[in-house]
Amino acid sequence: AAPRKDQEKDDDMKRLLITGANGSLGSVCRERLGHLADTIRLSARKGLGDAAANEEIVYCDLGDKAAVEELVEGCDGIVHMGGQATEAPWETIRQANIDGMFHLYEAARKSSTNPRIIFASSNHAIGFYEQTERLDAKSCPKPDGLYGVSKVFGEAMASMYYHKFGIETASVRIGSCFPEPKNHRMLSTWMSYDDFVQLIERIFTVPRLGCPIIYGASANDCSWWDNHEVAYLGWQPKDNAEVFREKLNAEMDPPPSDDVNAVYQGGGFAGDGIHES
Ligand code: 15L
């Protein structure tokens, strides 16, 4: 296929696919992205309940290439939250995050709709940087486990399919997207649901996306990450984890300065071993 990267996004989306729609962030997407397309196609291996009026549910295993091709056909946007979301045995990671990414991109390449993709990458792609270091989109990967390695792979897959076939992807190195920061490290890595939703809206609105790396974090005072390379998105996170500091201090002590949670950006993931199956 000829490269399509100079094509501008024309109008609103007809069908937006959310993979991993039963996961913790996938559920937030399901709840809050309904306005982005006429139809929302939700996918997971199980547990999606009943479809609402503008929803359609397609159960699919990312390891099944033919099923993923069917899943992607007809979608002009994809929020790819599906896959293994924490450290796990290699076989589990390989099926969901390695084979699954290949299947997704092959499906996108073959589809008739040239979907724009948001890939849920992770801070664990750079988790072995120390917390004293400041990163931007040009910082080399430094994964902190097999899960992090799979996210680096996913970003590479997105880059290749963009340069070869013009498929646009925003790889979002998501920090810690929860209602509130759960520990002191998350004062740096936290992203609020509101900021996350606004980021997704901007990614699907901007006329030309390209294939950026974006750090998914709120406007935290203690952030380690610089998003100046994606200023063109017009994304301005509003929340700041600092407002939770006092509450957090009342609940727990900060980790000792030589603890992985105080040394590495990826925190505990950096101290974890290989999970054997
Ligand atoms: C991730 O990639 C995980 O999916 C999530 O559960 C959190 O652990 C997050 O990173 C984090 O680093 O806080």
Side-chain angles (χ1 to χ4, degrees), residues 18-30 44-45 62 79-90 92-98 100-101 118-131 133 135 139 141-155 157-158 170-193 195-196 199-200 213-218 220 222-225 227 237 239-242 244-245 248 251-252 254-255 259-275:
I18 301 171
T19 68
N22 63 342
S24 71
L25 274 189
S27 311
V28 174
C29 294
R30 180 179 188 177
R45 278 186 303 184
L62 293 169
V79 179
H80 184 46
M81 295 287 144
Q84 174 60 30
T86 52
E87 193 61 14
W90 176 246
T92 306
I93 287 176
R94 188 181 61 204
Q95 192 190 350
N97 297 8
I98 304 290
M101 280 301 275
I118 297 181
F119 166 47
S121 184
S122 167
N123 73 89
H124 298 290
I126 48 83
F128 252 126
Y129 280 98
E130 295 197 5
Q131 295 183 6
E133 295 176 279
L135 310 187
S139 304
K142 223 179 198 190
D144 57 19
L146 296 176
Y147 166 65
V149 168
S150 77
K151 292 300 180 182
V152 174
F153 171 89
E155 292 179 1
M157 193 67 108
S171 290
V172 185
R173 290 179 176 167
I174 300 174
S176 307
C177 196
F178 298 109
E180 294 182 10
K182 296 178 183 177
N183 54 43
H184 286 79
R185 167 183 163 268
M186 291 190 194
L187 293 172
S188 299
T189 59
W190 183 66
M191 175 162 61
S192 70
Y193 289 162
D195 286 338
F196 174 57
L199 173 59
I200 294 174
I213 302 268
I214 303 163
Y215 289 92
S218 283
N220 303 325
C222 305
S223 178
W224 306 314
W225 306 324
N227 270 327
D239 292 311
N240 187 338
E242 210 52 36
F244 298 103
R245 185 182 289 273
L248 208 55
E251 285 167 6
M252 67 185 80
D259 187 291
V260 281
N261 288 293
V263 175
Y264 297 109
Q265 297 194 2
F269 283 60
D272 201 359
I274 297 294
H275 295 203

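In listed order, ligands and their atoms are each counted from 1. Just so you know, residue 1 is the first one in the sequence shown, and it goes up from there.
A pairwise comparison of heavy atoms in A262 and Q131 identifies O-OE1, 3.1 Å as the closest pair. For the residue pair E155 and A125, the shortest heavy atom distance occurs at OE2-CB, 4.1 Å.
Between Y193 and L25, the closest side-chain pair of non-hydrogen atoms falls below 4.5 Å. With a 4.5 Å cut-off on side-chain heavy atoms, H80 and L62 count as touching.
Contact between K182 and ligand 1 is absent, with no heavy atom of the residue lying under 4.0 Å from the ligand. Proximity of G267 to ligand 1 is not established, as no heavy-atom distance is less than 4.0 Å. Using 4.0 Å as the threshold, N123 has a heavy atom nearer than that to some atom of ligand 1. For R185, the heavy-atom gap to ligand 1 drops under 4.0 angstrom.
In terms of polar-atom proximity, H124 is counted as a contact of ligand 1, with an N or O under 3.5 Å from an N or O of the ligand. Polar contact check, A85 against ligand 1: a nitrogen or oxygen pair lies under 3.5 Å apart. At least one N/O-N/O distance between S176 and ligand 1 falls below 3.5 Å.
Using modelled atom types and a 3.5 Å distance limit, the side chains of T189 and S176 yield a donor-acceptor pair.
The atoms of ligand 1 that sit less than 4.0 Å from any heavy atom of S122 are 1 (C), 2 (O). Residue F269 has at least one heavy-atom neighbour below 4.0 Å for each of these atoms of ligand 1: 8 (O). Applying the 4.0 Å criterion to heavy atoms of G175 picks out, from ligand 1, the atoms 9 (C), 10 (O), 11 (C), 12 (O), 13 (O). Heavy-atom contacts of M186 reach the following atoms of ligand 1: 13 (O) (cutoff under 4.0 Å).
Taking atom 7 (C) of ligand 1 as the reference point, the nearest protein heavy-atom neighbour is F178 CZ, 4.0 Å.
Relative ring orientation between Y215 and W225 is described as parallel, the plane-to-plane angle staying below 30° on a 0-90° scale split at 30° and 60°.
Scanning for salt bridge (Lys or Arg N to Asp or Glu O under 4.0 Å) contacts around R45 gives an empty result, with sequence neighbours left out.
Close placement of the W190 and F244 rings is indicated, their centers lying within 6.0 Å of each other.
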